[in-house]
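Below you'll find the structure, written out as structure tokens, and then a few comments.
Remember, it's 1-based here, ligands and their atoms both numbered in the order they're listed. The structure displayed is predicted, hence computed values, not measured ones.
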Amino acid sequence: SASPVEQRRWTLNDFDIGSSLGRGKFGHVYLAREKTSNHLVALKVLFKSQLQQSQVVHQLRREVEIQSHLRHPHILRLYGYFYDQFRVYLILEYAPKGELYKQLQKCKYFSERRAATYVASLARALIYCHGKHVIHRDIKPENLLIGAQGELKIADFGWSVHTFNRRRTMCGTLDYLPPEMVESVEHDASVDIWSLGVLCYEFLYGVPPFEAKEHVDTYKRIVKVDLKFPPKPIVSSAAKDLISQMLVKDSSKRLPLHKLLEHPWIVQNAEPSGVYKG
Ligand SMILES: CC(=O)NC[C@@H]1CCN(c2c(Cl)cnc3[nH]c(-c4cn(C)nc4C)nc23)C1
């Protein structure tokens, strides 16, 4: 069903612009209200000059193409886009409870129920994406937002691809990259299983598993799968078992996402609704 903010030629005049919600890589994201429907959206403003400079125009086109066709409760909607002489505007779903990584920073690490609820909802969103031959490739706390009921929303498909073309260049943190991407060899949807395993570890311990002072040391720990579980905070062996089945070097041996949803740690800890009520 076409919600009020879909399928139209949009211009800036259609929106009342509010405060800045934060900065993405190539510009600001503003809270905005679509005038006829009073629908709140997040308006991501990107400068064409910067996009051209960084040769990411094709990546942006892909992000828009992919995200505008995905419809899932745990994937941030992209309703449409428009541009003027200097800028490109993405009309995105507004997530009222903001960025997940800020909540993680605030409470250092999550309870097992909260972590399992988030991991299960992300697994469902990734099963949906993989079913459409889309891999996200950039699952990390900074790309997760929180909806009105506290549910998780995957945002920023800037790194997603249709699994037909495998081209990509690397930037940003290495922490979440699986061995095959760090070694820049062929990769497939199982890269998202690895990143989800890294995310699950960070939800429970407050730090990613292969963190190191220097990039080169993180790289070495990833390719070696140097996985260690600290004594604190205390984490159940079921959680460690799940993480150990996801952070496997041979991508074909990683726990498939539908099997993750049947894992005892998920079954015993995740809220069925996908919403953590605290
Ligand atoms: C994945 C990504 O692009 N992150 C950077 C952008 C910053 C704000 N963006 C938002 C986007 Cl794209 C959508 N919804 C948001 N809601 C918020 C937010 C709400 N509160 C109370 N505080 C904040 C912040 N921010 C957004 C995303």
Side-chain angles (χ1 to χ4, degrees), residues 3-6 10 12 14-34 37-47 50-51 54 56-57 59-83 87-107 118 121-122 125-126 129 134-161 171-173 175-177 192 195-196 198-199 202-203 208 275-276 278:
S3 82
V5 288
E6 277 183 337
W10 296 104
L12 209 46
D14 294 315
F15 301 93
D16 290 319
I17 310 294
S19 55
S20 168
L21 293 168
R23 289 180 58 80
K25 284 179 288 287
F26 298 99
H28 276 259
V29 179
Y30 295 92
L31 180 59
R33 185 178 49 221
E34 200 277 315
S37 65
N38 280 333
H39 193 82
L40 287 182
V41 296
L43 202 58
K44 196 171 193 177
V45 182
L46 305 157
F47 286 95
Q50 281 186 21
L51 293 170
S54 324
V56 290
V57 176
Q59 196 173 315
L60 176 69
R61 254 194 262 280
R62 194 167 55 202
E63 174 181 352
V64 171
E65 175 58 31
I66 287 174
Q67 202 166 347
S68 58
H69 288 92
L70 296 178
R71 302 271 196 282
H72 190 277
H74 295 300
I75 294 175
L76 197 78
R77 279 294 308 280
L78 187 142
Y79 298 119
Y81 70 96
F82 56 95
Y83 47 84
R87 290 166 289 257
V88 176
Y89 303 85
L90 304 186
I91 309 166
L92 292 158
E93 176 184 355
Y94 170 58
K97 293 196 173 164
E99 299 172 282
L100 182 83
Y101 85 90
K102 285 185 183 154
Q103 301 240 347
L104 185 54
Q105 276 173 345
K106 208 159 55 182
C107 54
Y118 287 159
S121 56
L122 291 172
L126 290 172
C129 289
V134 170
I135 45 180
H136 187 278
R137 302 196 312 170
D138 199 11
I139 299 296
K140 58 188 177 189
E142 293 77 4
N143 286 344
L144 302 174
L145 297 166
I146 305 175
Q149 276 76 38
E151 75 280 21
L152 225 44
K153 303 258 179 191
I154 301 179
D156 198 346
F157 278 71
W159 283 92
S160 58
V161 278
C171 77
T173 171
D175 281 308
Y176 285 79
L177 293 181
D192 286 339
S195 302
L196 188 55
V198 173
L199 194 68
E202 181 165 0
F203 284 165
V275 175
Y276 174 75

For this session: Start with the C-alpha distance between L12 and I17, add both sets of side-chain angles, then the distance that settles side chain to side chain contact (heavy atoms under 4.5 Å, CB included), and finish with yes or no.
Result: CA-CA 9 Å; L12 209 46; I17 310 294; 4.1 Å; yes
Exercise. Angle class for the F82/Y89 ring planes (parallel below 30°, perpendicular above 60°, tilted otherwise)?
Worked result: parallel
Exercise. Taking the side chain as C-beta and beyond, is there a heavy-atom pair between E34 and Y79 under 4.5 Å?
Worked result: no
Between ligand 1 and the protein, which N/O pairs are shorter than 3.5 Å?
{"residue": "ligand 1", "atom": "14 (N)", "partner": "A95", "partner atom": "N", "Å": "2.9"}
{"residue": "ligand 1", "atom": "16 (N)", "partner": "A95", "partner atom": "O", "Å": "2.7"}

Exercise. Parallel, tilted or perpendicular for Y81 and Y83, by the 30°/60° rule?
Worked result: parallel
Problem set entry | Derivation and outcome, side chain to side chain contact (heavy atoms under 4.5 Å, CB included), residues Q103 and I146 | CA-CA 10 Å; Q103 301 240 347; I146 305 175; 3.6 Å; yes
Problem set entry | For E93 against I75, the heavy-atom pair lying closest together | OE1-O, 3.8 Å
